[in-house]
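Take a look at the structure below.
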Amino acid sequence: MARNPDRPLSPHLTVWKWGPHMLVSILHRITGAGLATVGAAVFVWWLVAVAGSAETYATFAGWATWKWSLIIWVGLTWAFFQHLLSGLRHFVMDSGAGFELNTNKFWAVMTIIWAILLTVAVWVYIVFWRLA
Amino acid sequence: MTTDPSAAAAISPAAASSHDAAHHWGLERMLSVSTLLLFVWFFVSLLRLPALDQQSVSEWLRNPLAAVPMLFLIVSTFWHLKDGLIVVVEDYVHEAGNRFGWVLVINMLSLFGAGLAIVSVLKLAVGAAAA
């Protein structure tokens, strides 16, 4: 069916298409849930290990520095920045600002781009400055 | 929305009464900001440690100036994550029994996780210094 893309879509439950604002909304929830489960578990494990014995800390440190744990660390870093930036965006929107279509889309895309850039920056810093 | 507030309260404390909603909404945002600020402090502190070995970390947390913000970070973060997970469950779990079960599990695990973290910090902060 031919559709003029300049025309708004009819507001109907089954007639919609993906937009950056929807992606950011669901990313905020996915990253929040990931931080609240995986992130919280790693954080609590770390504190319990510090307060425990040399063995409990060695077990944690062994896992933390295992090469495949890097996936978890990078994932948590990205989730942290995405959740932080989309959270700040929601904060601005809570004030009633930023609902104009172009503004809304622009900042939705910005949270995704900056979350990735900040994640890369942090890991470049860790790998080339702290671990080098 | 609800005709029986006590039924809503049984499912979600957040829905306990309508006039609490604005307060709860504001509290959620306060906790978002405090969690963010405390994590900035946390990551800056970690970067300033000479190393992340057990000795360095426990010496750091033995200082009240580190232990106190750390305890606030734990309370703020676990409260925030409990609220967030419950919002997600309330949106996607529609069956009342399942929803009650999920909210119960989230409350219990959040309290357990926060408890473990708090006791660990207190053990370092007020426990005997390592030889």
Side-chain angles (χ1 to χ4, degrees), chain A residues 25-65 73 76-77 79-95 118-119 121-122 125-126 129-131, chain B residues 25-26 28-33 35-37 39-40 42-43 46-47 49 51-62 67 70-71 73-74 77-89 91-92 106 109-110 112-127 130:
Chain A
S25 175
I26 199 68
L27 279 178
H28 189 69
R29 291 188 161 205
I30 292 169
T31 53
L35 292 164
T37 52
V38 180
V42 172
F43 176 72
V44 171
W45 183 17
W46 175 66
L47 280 178
V48 170
V50 176
S53 61
E55 288 75 35
T56 62
Y57 200 77
T59 305
F60 175 82
W63 172 82
T65 54
W73 291 122
L76 286 173
T77 311
F80 176 80
F81 283 125
Q82 181 60 53
H83 194 79
L84 163 59
L85 294 172
S86 45
L88 286 173
R89 174 173 171 269
H90 284 146
F91 216 85
V92 172
M93 289 168 69
D94 283 341
S95 76
L118 287 166
T119 305
V122 163
Y125 171 73
I126 291 174
W129 273 267
R130 301 298 287 218
L131 300 180
Chain B
W25 190 90
E28 280 178 351
R29 270 128 202 93
M30 296 286 276
L31 288 167
S32 308
V33 176
T35 302
L36 164 58
L37 294 176
F39 262 89
V40 171
F42 177 54
F43 289 138
L46 286 187
L47 281 174
L49 286 180
L52 292 179
D53 60 301
Q54 191 173 20
Q55 178 82 19
S56 310
V57 176
S58 42
E59 265 171 30
W60 170 59
L61 285 176
R62 206 168 290 141
M70 192 57 145
L71 290 171
L73 180 145
I74 293 163
T77 304
F78 277 85
W79 199 336
H80 175 74
L81 74 81
K82 175 202 71 110
D83 279 352
L85 287 174
I86 287 176
V87 166
V88 172
V89 163
D91 277 0
Y92 301 123
I106 290 167
L109 286 182
S110 306
F112 184 62
L116 281 176
I118 289 169
V119 170
S120 299
V121 172
L122 288 178
K123 188 180 165 198
L124 291 163
V126 291

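Proteins get letters first, then strands, A, B, ... in listed order; numbering begins at 1 in each. As the structure is a computational prediction, the values presented were derived from the model and not from experiment.
Two residues are said to be in side-chain contact when any heavy atoms from C-beta on lie closer than 4.5 Å; B:Leu81 and A:Leu35 fail this criterion. Side-chain atoms of A:Val44 and B:Phe78, non-hydrogen and from C-beta on, do get closer than 4.5 Å to each other. Side-chain contact check for A:Leu47 versus B:Val57: every heavy-atom pair is 4.5 Å or farther apart.
At a 4.5 Å heavy-atom cutoff, the contact between B:Val33 and chain A is made by side-chain atoms alone. If you measure heavy-atom distances from A:Trp46 to chain B, the contacts under 4.5 Å come from the side chain alone. With a 4.5 Å cut-off on non-hydrogen atoms, A:Leu88 touches chain B through its side chain but not through its backbone. Of the two parts of A:Ala61, neither the backbone nor the side chain holds a non-hydrogen atom closer than 4.5 Å to a non-hydrogen atom of chain B. Of the atoms belonging to B:Phe112, not a single heavy atom falls under 4.5 Å from chain A. Residue A:Ala54 touches chain B through both its backbone and its side chain, counting heavy-atom pairs closer than 4.5 Å. Using a 4.5 Å cut-off between heavy atoms, A:Phe60 makes no contact with chain B at all. Neither the backbone nor the side chain of A:His90 comes within less than 4.5 Å of any heavy atom of chain B. The part of B:Leu73 that comes within reach of chain A is its side chain, from C-beta onward, which places non-hydrogen atoms under 4.5 angstrom from that chain.
Listed for the A:Arg130 side chain is a donor-acceptor partner under 3.5 Å among the backbone atoms of B:Leu47. A distance-only check finds a donor-acceptor pair linking the side chain of B:Gln54 to the backbone of A:Ser53 [under 3.5 Å].
Between B:Phe39 and A:Phe80, the ring planes lie tilted relative to each other; the angle falls in the 30° to 60° range.
B:Trp25 approaches A:Asp94 most closely through the heavy-atom pair CZ2-CG, 3.6 Å. Closest heavy-atom contact between A:Arg29 and B:Asp91: NH2-OD2, 2.7 Å. In plain terms, the two heavy atoms of A:Ala51 and B:Ser120 that are nearest each other are CB-O, 3.5 Å.
The environment of B:Phe43 atom CZ is dense: over 12 non-hydrogen atoms of other residues, nucleotides or ligands sit within 6.0 angstrom. Within a 6.0 Å sphere centred on CE of A:Met93, heavy atoms belonging to other residues, nucleotides or ligands number more than 12.
Put simply, OG1 on A:Thr37 and CG on B:Leu85 are 7.0 Å apart, with the number rounded to the nearest 0.5 Å. In this structure, CG in B:Leu116 is found 11.5 Å from CZ in A:Phe43, a value given to the nearest 0.5 Å.
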